[in-house]
4 protein chains.
Amino acid sequence: MKPRAISDAAKAEKKNSILLAALDEFYERGFAAARMDDIAKRCHISKGTLYLYFNSKDALFNGLIELIAKPKQQQLIGMMNQATSAQSALVTMTEFMPVVIEQGQLPKLIKILIGDSGVFPEVVQNYKTTVIEPALAALSQLFHRSNQSGETQIDDPELFARLVVSPVIFSAIWKAVFASGDALGFDLKKLFRLHQKVLINSLHIDQEK
Amino acid sequence: MKPRAISDAAKAEKKNSILLAALDEFYERGFAAARMDDIAKRCHISKGTLYLYFNSKDALFNGLIELIAKPKQQQLIGMMNQATSAQSALVTMTEFMPVVIEQGQLPKLIKILIGDSGVFPEVVQNYKTTVIEPALAALSQLFHRSNQSGETQIDDPELFARLVVSPVIFSAIWKAVFASGDALGFDLKKLFRLHQKVLINSLHIDQEK
Amino acid sequence: MKPRAISDAAKAEKKNSILLAALDEFYERGFAAARMDDIAKRCHISKGTLYLYFNSKDALFNGLIELIAKPKQQQLIGMMNQATSAQSALVTMTEFMPVVIEQGQLPKLIKILIGDSGVFPEVVQNYKTTVIEPALAALSQLFHRSNQSGETQIDDPELFARLVVSPVIFSAIWKAVFASGDALGFDLKKLFRLHQKVLINSLHIDQEK
Amino acid sequence: MKPRAISDAAKAEKKNSILLAALDEFYERGFAAARMDDIAKRCHISKGTLYLYFNSKDALFNGLIELIAKPKQQQLIGMMNQATSAQSALVTMTEFMPVVIEQGQLPKLIKILIGDSGVFPEVVQNYKTTVIEPALAALSQLFHRSNQSGETQIDDPELFARLVVSPVIFSAIWKAVFASGDALGFDLKKLFRLHQKVLINSLHIDQEK
DNA sequence: GATGAATGAGGATTCATTCAT
DNA sequence: GATGAATGAATCCTCATTCAT
């Protein structure tokens, strides 16, 4: 019974390394143009072995979404729900995001999702309903709460949440698509600090429309 | 001796209809997965005829960039350069953008560019330097000018320009990737009106950092 | 009735120029790889016009054989039949051949025939029976006659004829295949003068076997 | 970790059988008209497998040259260099050649080379400089040596070498192009015996020009 | 008669997937 | 479990041939 546990752990580990290889190949060439052979080579296994762990190219794609997207979303939602005020939440978020974008695999995943959304409409819809919309909802609710507590006067929290999120998408895509090597061409932290300032400055003034 | 069996105008028209078909196929399936056959069928010509007008799939891709991206950028830059004040420019832009996104082909093109950036690094870099960076530069210069005229106090116009642009990218991708059919799921005009309010509200306060 | 005659002459002229263009294209690329388009361009007509004169690519090939091979063969056979002695015939021939090879289209035709013999077995067989074998037969009969007249003692005129002809084939192929530009790399006239000397020297000694 | 599922020997064997299949297809239809599919079928493998061993049709062509031409040339040059006299060399050669032509694949290769010389000028030039010219040079040098030893009086060994070789080319092409089935239509051995006699008879008389 | 735009069958090549070792 | 050889469906692209102008 013990050996099984070890074997399972090793198996999970291998699955993981395959998925990371797939992430990079899908990111670099797109799903359709990526070759199973290259994915196998990238994690130093044979094509045959690859199929021992994932039954098809599609399975790889789905495994990838599962592996990377879900945890990030949990993190973000947790962050929103634990926030005591809209302002502190925005501060936390605008400091957290540059790190996620700069270091993480999220830009790669976003790029893949966008590029292959036509091929996997169900996956993308599923991603939308289980990852993106809950995250946006958590943000909106935060602003609803802060409106009720009197901290803010945001007349459309749903839209405001989208404004909050926009530079994340912009930066992720910029990094994934336009950055030459690692050089973004602008200072990500400063961008989000500016974003933070603009947002906080707008928390109280929405009524004056 | 060589009567032009088909007029140049008709030829250009046909090229155009082919490019629009390609736009849709590339958009729906991605460049790699799109089939030349399907592109041909979509504009009711044969595969052979398609190759009379474009020598390869790549040529189709490049033609697309030329057709769609360039004009939009000219329009945007013109808009920025004719602006008499930062505020009026922002108003114009935030009213113009929802229309571009809702009706135009820009979201499709952006989606294609992102999805296939790995396959066409040169095209994407070229797009970056000839379309995106000039547009961002025009925006930045607008804010530089309004800073000098005393209208605004924006301490980093380059980054501010990126904040201004972020919801355009966000909305374009949302439309191209997540929208079910035509339903965006939120009110694009309202979003940009909110964006406009937040931005204008921030034109004077950047110094208080 | 007159206009018809002129028209027919013009037609024949045009057919001829087409065939010469075809000769060069077939020679340069082989029958299968040659393009009708290129043949048309080479004689400054359109592809459509080409088909007014020849119904198919095959028809072009057949027309070519007809045009070039037959006359040469007539010339050669005439030469053999008019010869008064084996020796004078050999002299005439070995002086005639270098010119044919150096200036004429025969090497090109031979090269085409060889290269595409697999695709047109009937044409090649037809060429063999109507052009080559009669020519070889004329040669053989010449030697039979000279044997009977006592001029020569060739015990196998059929094989001797083939020896006589060998350097023609060798040179034709060398020119068509290996010559860089026009430079054969050796002196064709000298080769055939040597050939002549060797042959004449052998006319009397075949009995000593 | 990477057991060689197939031995190197087996791999080489397979490559060989593919090349022989390619030889026949190229021979029968010409390079351009030969179909990869047919080559594969001829050696009972799939098209995909064919590409495991040769990356392209061109690679197949080049492999063929390597496989067949080189060894023959080595054999011929060795023969010339080991000869103790011009006469014995000619005897050896004229007895060896009918066998090579009758049984070997050289006629097929020669036919292919001629037919596709326009498509592969580099290959043909390479073949000329590495196979044909060395062989001709070896022959010439043999006659130079025999001239010096007093055995022969050949005033132009380079041209004489070409005369020696001519019936080889003639016979090879006759077999590849004109022979119906296996029947050449004449006696190859006798032809070369006659050739031998004519040549040997000419070794001493060249001076009398 | 002449043109060249249009067609689509045909062929080289790639690559996801299978399976014997 | 691991391997990589083998397969063949799928897709880009070419080019002989047709036909409306």
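Lettering follows sequence order; numbering is per chain, from 1. Keep in mind the model is a prediction, meaning the values are calculated, not measured.
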Under the side chain to side chain donor-acceptor pair (under 3.5 Å) rule, what pairs show up with a residue in residues 105-121 of chain B, not counting sequence neighbours?
-> B:Asp24-B:Lys108
Output yes when at least one side-chain N/O atom of D:Thr49 is less than 4.0 Å from OP1 or OP2 of F:dA5, else no.
-> no
Secondary-structure notation, DNA chain F, from Watson-Crick and G-U pairs under 3.5 angstrom (| other strand) = .||||||||||||||||||||
What's the NZ-P distance between D:Lys41 and E:dA12, to the nearest Å?
-> 11 Å
Here the distance between atom P of E:dG1 and atom NZ of C:Lys15, to the nearest Å, is 11 Å
From CG of D:Asp58 across to C1' of E:dG11 the rounded distance in Å is 14 Å
From the list E:dA2, F:dA2, E:dT13, which nucleotide is the closest neighbour of the side chain of C:Leu52?
-> E:dA2
In whole angstroms, the gap separating P of F:dA16 from CG of C:Asp38 amounts to 9 Å
Would you check if the side chain of B:Tyr27 reaches a backbone N or O of B:Ala176 as a donor-acceptor pair within less than 3.5 Å?
-> yes
DNA chain E: 5'-proximal contact among B:Lys47 and D:Gly48 (nearest heavy atom) | B:Lys47
Checking F:dC12, E:dT3, F:dA2 against the side chain of B:Tyr51 (C-beta onward), the nearest is F:dC12
Distance, rounded to the nearest Å, where D:Tyr53 contributes OH and F:dT7 contributes C1' | 13 Å
Given atom CG of B:Asn55 and atom P of F:dC13, what is their separation to the nearest angstrom?
-> 10 Å
Grab the CD1-C1' distance between A:Ile39 and E:dT14 for me, whole Å please.
-> 15 Å
Is the shortest heavy-atom distance from the side chain of D:Leu113 to the side chain of C:Val177 under 4.5 Å?
-> no
If we only count heavy atoms from C-beta on, is the B:Asn16 to B:Leu67 side-chain gap below 4.5 Å?
-> yes
Centroid-centroid under 6.0 Å between B:Tyr127 and B:Phe120 rings | no
Non-hydrogen side-chain atoms of A:Phe31 and A:Leu60 separated by less than 4.5 Å = no
Under 3.5 Å, side chain of C:Lys57 to main-chain N/O of C:Ala34, donor-acceptor pair present?
-> yes
Nearest-nucleotide wise, let me know which of B:Ser46 and D:Asp37 is further upstream toward the 5' end of DNA chain E.
-> B:Ser46
Note: contacts of residues 24-35 of chain A with DNA chain E (heavy atom, under 4.0 Å) are A:Ala34, A:Arg35
For the residue pair A:Arg35 and A:Arg29, establish whether any side-chain heavy-atom pair is separated by less than 4.5 Å.
-> yes
Is the phosphate of F:dA6, meaning OP1 or OP2, less than 4.0 Å from a side-chain N or O of D:Lys14?
-> yes
Salt-bridge contact A:Glu25-A:Arg42 (side-chain N to carboxylate O under 4.0 Å) | yes
Nearest listed nucleotide, side chain of C:Lys11, among E:dG1, E:dA16, F:dA2 | E:dG1
Would you say D:Thr49's side chain and D:Ile45's backbone share a donor-acceptor pair under 3.5 angstrom?
-> no
Rounded to whole Å, the CG-C1' distance (D:Leu50 to F:dA5) equals 14 Å
